[in-house]
Colleague: 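Below is the structure I would like to discuss, written out as C-alpha cells.
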Amino acid sequence: MHELSIAMAVVEQVDDALRERGAERVPVRSLTLRVGELSGVVPEALDFSFGVAAEGTVLADARLLIETVEGRARCGSCGRDTATGMPPDLWCGPCSRAMNLTGGRELEIARVVLDDVRPDDAGERHGDDDAPGVTGAQADAAADAPARDKEASHVPHR
C-alpha cells in the first residue's frame, strides 16, 4: 500500500509550503489532488491514508478531494487522440501503430484551500454556525463551488 507514503509526502509538501509562507498554523479546509487513472494509485486507499497521515497536522480536518484524470494517448502516425481505457490500449486501430501516452499518470497537488482565520487567531478556529472556521466570504465561495465539492470526495476529471 504505497498510498500511505504518497499521503505522507503530500502532507509534508503542503506543510512545508505553508511554513514557507508563514501560514503553518492556519488550518487547511480542503486539498485537491489530481490523480491519473494510470498512476497506479487507488483513490480509496489514498483517501484512507490521507486521514492517517494528516493526524496532528494543520490538514487534520481537511477534506481531501481527488480528481481522476483519464488516460489518453496520441498516435504519432495519424494524430488520433483517444482515451486509453483500463487496462490501457496503446495501439492505434485505424493505422495499426503504437500510440504515445499523453495523460493519465498525473499525481499532483492541484489546490489547497485554507480556513479564513485572523493572524491573531491562527491557533483557534472561528466562524458562523453553519461551518466552524469558515467566515462569510468563504461561505459565499463555498456556495458558488460546484456541487461535487460539497458532496463527494472523489471527483472524476473528464
Side-chain angles (χ1 to χ4, degrees), residues 1-74 81 83-88 100-158:
M1 185 164 130
H2 67 286
E3 284 81 1
L4 181 57
S5 61
I6 293 169
M8 292 175 72
V10 166
V11 168
E12 184 177 321
Q13 286 184 9
V14 171
D15 191 52
D16 288 349
L18 293 175
R19 195 174 312 280
E20 288 173 11
R21 290 163 178 80
E24 66 271 10
R25 295 178 58 202
V26 179
V28 175
R29 183 175 180 198
S30 68
L31 170 67
T32 304
L33 299 178
R34 295 185 72 224
V35 178
E37 67 180 356
L38 305 176
S39 66
V41 174
V42 178
E44 294 79 12
L46 182 59
D47 190 39
F48 173 79
S49 297
F50 177 77
V52 173
E55 282 183 17
T57 72
V58 292
L59 289 102
D61 295 327
R63 190 158 170 227
L64 178 63
L65 303 171
I66 298 174
E67 294 180 356
T68 302
V69 180
E70 174 182 65
R72 304 235 17 123
R74 177 174 292 138
D81 184 82
T84 62
M86 280 299 288
N100 299 314
L101 193 60
T102 59
R105 293 186 291 185
E106 297 84 350
L107 179 54
E108 59 190 11
I109 298 170
R111 182 176 43 180
V112 177
V113 177
L114 303 178
D115 270 353
D116 186 17
V117 294
R118 290 176 226 123
D120 56 336
D121 293 342
E124 301 176 23
R125 306 180 105 196
H126 65 90
D128 58 29
D129 293 336
D130 294 331
V134 179
T135 65
Q138 283 190 325
D140 292 342
D144 294 336
R148 64 178 191 234
D149 282 349
K150 293 179 180 176
E151 299 172 2
S153 63
H154 184 127
V155 181
H157 185 274
R158 296 184 193 240

Colleague: Check the pair Val14 / Val11 against side-chain contact (heavy atoms from CB on, under 4.5 Å), numbers first and verdict last.
Modeller: CA-CA 5 Å; Val14 171; Val11 168; over 6 Å; no
Colleague: Side chains of His2 and Ser5: closer than 4.5 Å at any heavy-atom pair?
Modeller: yes
Colleague: Enter the distance from Asp47:CG to Arg63:CZ here, rounded to the nearest 0.5 Å.
Modeller: 10.0 Å
Colleague: Just jot down the side-chain contact (heavy atoms from CB on, under 4.5 Å) partners of Thr84, sequence neighbours excluded, or say none.
Modeller: Glu37, Leu38, Ala73, Pro88, Leu90, Leu101
Colleague: Do you know the tightest heavy-atom contact between Val26 and Asp115?
Modeller: CG1-O, 3.4 Å
Colleague: Val35 and Leu46: side-chain contact (heavy atoms from CB on, under 4.5 Å), yes or no, with the steps?
Modeller: CA-CA 10 Å; Val35 178; Leu46 182 59; 4.2 Å; yes
Colleague: Look at Glu106 together with Arg34 and state whether they make a salt bridge at an N to O cut-off of under 4.0 Å.
Modeller: no
Colleague: Report the distance from atom OG1 of Thr57 to atom CD of Glu12, rounding to the nearest 0.5 Å.
Modeller: 11.5 Å
Colleague: Looking only at non-hydrogen atoms, find the nearest pair between Phe50 and Ala62 and report the distance.
Modeller: CE2-O, 3.9 Å
Colleague: What is the distance from atom CD1 of Ile66 to atom CG of Leu64, rounded to the nearest 0.5 Å?
Modeller: 4.5 Å
Colleague: Supply the atom-to-atom distance Ile6 CD1 to Leu33 CG, rounded to the nearest 0.5 angstrom.
Modeller: 9.5 Å
Colleague: Flag the pair Val113 / Arg111 as yes when at least one side-chain heavy-atom distance between them is below 4.5 Å, and no otherwise.
Modeller: yes
Colleague: Could you measure the distance from the CG atom of Leu114 to the CG atom of Leu18? Nearest 0.5 Å is fine.
Modeller: 5.5 Å
Colleague: For residues Gly40 and Glu3, report the shortest heavy-atom separation together with the two atoms involved.
Modeller: O-OE2, 3.9 Å
Colleague: Checking side-chain contact (heavy atoms from CB on, under 4.5 Å) for the pair Leu65/Leu31: CA distance, chi angles, key distance, verdict?
Modeller: CA-CA 6 Å; Leu65 303 171; Leu31 170 67; over 6 Å; no
Colleague: Output the distance between atom CD (Gln13) and atom CG (Asp16), rounded to the nearest 0.5 Å.
Modeller: 8.0 Å
Colleague: Tell me, please, which residues at least two apart from Asp81 pass side-chain contact (heavy atoms from CB on, under 4.5 Å).
Modeller: Arg72, Arg74, Thr102
Colleague: Under 4.5 Å between any side-chain heavy atoms of Val41 and Leu107, yes or no?
Modeller: yes
